Amino acid sequence: MVIFDSHKKEKVEFKPIKDNEVRIYVCGPTVYDDAHLGHARSSISFDLLRRTLKALGYKVTFVKNFTDIDDKIINKMNATGKTLSEITTHYINSYLKDMQALNVKRADIEPKATESLEAMFDIIQKLLDKGYAYKLENGDIYFDVSKDEEYCSLSHKCPEDEGVHRVEIEGKKNPQDFALWKACKGEGDVCFDSPFGRGRPGWHIECSAMIKKHIAYDGEYEIDIHGGGADLFFPHHENEEAQSHCAYGGHLAKYWMHNGFVTINGEKMSKSLGNSFFVKDALKHYPGEVLRFYLMSTHYRAPLNFSEEDLIASKKRLDKLYRLKKRVYGLTKKQQDKEFENKLLEAMSDDLNISKALAVVDEFIKDANENLDKNPKDKVLKQKILSNIEFIDKLLGVGGSDAYEYFQAGVDEETKKKIQELIEKRNEAKKEKNFALADEIREELKKMGIQIQDTPNGTLWEKV
RNA sequence: GGCGCCAUAGCCAAGUGGCUAAGGCAGGGGCCUGCAAAGCCCUGAUCCCCGGUUCGAAUCCGGGUGGCGCCUCCA
């Protein structure tokens, strides 16, 4: 497996810290709103990483957190009058539901920041003891970046001070110092008891703590891979790394991976720009699997400019896989095709080269169709095809649905019945060589958004 | 202002020094079909511009131009 390490800024051979085990931590969402396509893409990217590593035989422990305490959540509380847990529970469930629709596997561990406070206290205390942190008069505790010689060596993105717009806080020693603990600000704030007084944690400390609590090794590196959106590299990941190595000595992660953004009209999708596209809204128009296929079809590090036109083109590509699946429908026995599996896995092993992988899939579909045309009754051939489709589902997370249901999504039972009746009527007309009537019926179906195909196995239909 | 990324056919998108520049969508031609649809076959780019390195560059270096991101919450 080769991955692009955003710390070294190059592709490197992946070697786990311990044997065949891989520990991955990915920054999850701050749960104050529904998931947008950017969250979806990040999730799908690391889902592909996880599936690939598993297929390669690694034992993978995958952790994705929920940031459930944050300024934005508090703002939402004050705006809606709801409690913290009402808001976070709602958006966590909404997130999980969306990700399930996208065929993203649930993480092995899904820690919440509010349930990891003890681990945060430990880091903060160590940083205070070692002189890396200091307390302001108002009770806030800050990390002193000037004490950490390695600060900035992770992302290489630390800016010079000129031209930077930063929030000034009274008493901060360096402009880049960041909050580890925010003292309680009274009414309207959410506060927890701590050894440092009532307050709440800073954002960066949460991830360091959850890693330490759940999956950290004690050695040179705490985990194998740390992932997240490209926007998190600096300052979030830089700060996580700083806290962790100053508190515990080792580095946080052996490899760092960052996914690119989803853009709209070439601009980053974000709340502040007001151009967010929610997953739940997209799901009203397209099946989750189609959305997943589209979002994953651009390499995870490249920006993806969302366009409905491209999404439709992408769907047509996926349709072909399902049409092939229809041709081997009903089979249960499988015949493993190691050559195909290796080819697909090899593509994904190259820093998740999805374009190469999808080209392998396309080639497979083409060959399979061609061979089925030549030998429609070849059982072994069909079993291999079925087996390959299952492998595609396992590795890429698409192709696992029922082939008929895939094409009939969103059509209610009553309509299905009507379609069936029209098809039968047409078949009779065809038998009587009444092609004018047959064509008329086909036209009627077309107006309903239904396209039919006459095949040796009868007339099939698809929703366009 | 600092740091960084990107620029390949109508569109999406691989390829990071060397055989004829993957694959998909759209388009054109054909086979199949009562006609369609589906499927299969054939068909398209010399890689933003200029200069350099090299026997040889889309791929490396320098300079442009054009997009974008991070530096403030953000996947």
Side-chain angles (χ1 to χ4, degrees), chain A residues 6 9 11 26-30 32-33 35-46 64 67 70-72 75 152 155-167 175-176 203 227-236 238 258-263 266-273 276 294 297-299 301-305 307 309-320 323-324 326-327 347 350 353-363 365-374 430 433-436 438-439 442-443 446 451-455 459-462 464:
Chain A
S6 30
K9 293 185 185 176
K11 280 190 186 179
V26 176
C27 289
T30 299
Y32 69 99
D33 207 345
H36 60 224
L37 294 181
H39 294 105
R41 168 124 111 129
S42 182
S43 268
I44 292 166
S45 298
F46 291 103
K64 181 156 69 182
T67 297
D70 173 89
D71 288 356
K72 300 222 165 170
N75 291 343
C152 234
S155 67
H156 318 286
K157 281 187 173 193
C158 298
E160 300 298 315
D161 281 338
E162 351 165 359
V164 180
H165 322 287
R166 214 185 298 268
V167 186
Q176 295 183 40
W203 175 39
D231 48 354
L232 299 182
F233 203 14
F234 186 86
H236 185 53
E238 186 73 51
H258 294 92
N259 66 273
F261 301 123
V262 177
T263 61
E267 281 184 316
K268 179 183 172 182
M269 180 185 296
S270 75
K271 297 284 163 53
S272 47
L273 290 172
S276 292
Y294 170 59
S297 62
T298 295
H299 184 85
R301 278 190 281 121
L304 184 154
N305 191 36
S307 119
E309 199 181 321
D310 295 340
L311 192 158
I312 289 164
S314 183
K315 178 189 181 299
K316 288 182 181 171
R317 197 178 189 181
L318 181 60
D319 287 350
K320 301 212 299 190
R323 289 204 190 97
L324 174 63
K326 275 203 228 173
R327 297 185 74 174
D350 178 14
N353 192 329
I354 192 72
S355 294
K356 224 191 263 178
L358 293 181
V360 171
V361 171
D362 288 329
E363 192 193 4
I365 293 171
K366 191 196 275 189
D367 289 347
N369 276 319
E370 197 181 348
N371 289 326
L372 280 173
D373 286 345
K374 283 186 200 150
K430 270 173 68 185
K433 306 255 186 240
N434 186 352
F435 295 123
D439 290 353
R442 182 167 61 200
E443 201 51 37
K446 200 176 171 186
Q451 185 156 78
I452 58 169
Q453 301 155 19
D454 293 326
T455 78
T459 302
L460 308 180
W461 63 270
E462 295 177 1
V464 182

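These numbers were taken from a predicted model, which means no experiment stands behind them. Lettering follows sequence order; numbering is per chain, from 1.
Residues A:F435 and A:K11 both approach RNA chain B. Their nearest nucleotides, taken by heavy-atom distance, put A:K11 toward the 5′ side. The nearest heavy atom of RNA chain B to A:R442 and to A:T263 marks one nucleotide each, and the one closer to the 5' end goes with A:R442.
Summarising the base pairing, B:U59 is matched to no nucleotide, lacking a Watson-Crick or G-U wobble pair whose two defining distances lie under 3.5 Å. In this entry B:U53 has no Watson-Crick or G-U wobble partner, no candidate having both defining distances under 3.5 Å. Across all strands shown, B:G1 forms a Watson-Crick or G-U wobble pair, both distances under 3.5 Å, with B:C71. Across the strands present, B:A38 finds no partner; the criterion is a Watson-Crick or G-U wobble pair with both atom distances under 3.5 angstrom. Both distances falling under 3.5 Å, in either a Watson-Crick or a G-U wobble arrangement, occur for no nucleotide opposite B:A21. In a base pair of the Watson-Crick type (N1 to N3 plus N6-O4 or O6-N4) or a G-U wobble (N1-O2 and O6-N3), with each distance short of 3.5 Å, B:C48 is matched with B:G64. Base pairing analysis places B:U16 opposite nothing; no Watson-Crick or G-U wobble pair with both distances below 3.5 Å involves it.
Using a 4.0 Å heavy-atom criterion, one finds that A:D71 contacts no nucleic acid atom at all. Base contact: A:I452 has a heavy atom under 4.0 Å from a base atom. Contact annotation for A:A359: base contact, defined as any heavy-atom pair under 4.0 Å involving a base atom.
Remark: the A:D454 side chain and the B:C35 base include a donor-acceptor N/O pair separated by less than 3.5 Å. For A:H299 and B:A14, a side-chain-to-base donor-acceptor distance below 3.5 Å is absent, hydrogens and geometry of angles not being considered. Below the 3.5 angstrom threshold, one finds no donor paired with an acceptor across the side chain of A:N353 and the base of B:G15. Side-chain N/O atoms of A:R41 and base N/O atoms of B:A75 include no donor-acceptor pair closer than 3.5 Å.
Minimum heavy-atom separation, A:K430 to A:A438: CG-CB, 3.9 Å.
Taking atom P on both B:C73 and B:C25, the two are 44 Å apart, rounded to the nearest angstrom. Taking the P atoms as reference points, B:C5 lies 48 Å from B:A37, given to the whole Å.
Under a 4.0 Å N-O distance rule, the pair A:R442/A:D439 qualifies as a salt bridge. No salt bridge links A:K366 with A:D362; every basic N to acidic carboxylate O contact stays at or beyond 4.0 Å.
Going from atom CZ of A:R317 over to atom C1' of B:G23 covers 5 Å, rounded to whole Å.
In this model, the phosphate group of B:G69 is not approached by any side-chain N or O of A:K157 to a distance below 4.0 Å at OP1 or OP2. Side-chain N/O atoms of A:R301 include none lying less than 4.0 angstrom from OP1 or OP2 on B:C5. Taking side-chain N and O atoms only, A:T298 has a distance below 4.0 Å to OP1 or OP2 of B:A13. Distances shorter than 4.0 Å separate some side-chain N or O of A:K316 from OP1 or OP2 on B:A26. Residue A:K374 has no polar side-chain atom (N or O) positioned under 4.0 Å from OP1 or OP2 of B:G39. Between A:N369 and B:C40, a side-chain N or O to OP1/OP2 separation shorter than 4.0 Å is present.
Comparing atom distances between the A:D310 side chain and each of B:A13, B:C71, B:C12 picks out B:C12 as nearest. Closest approach to the A:S42 side chain among B:A14, B:C71, B:A75 is made by B:A75 (side chain taken as heavy atoms from C-beta onward).
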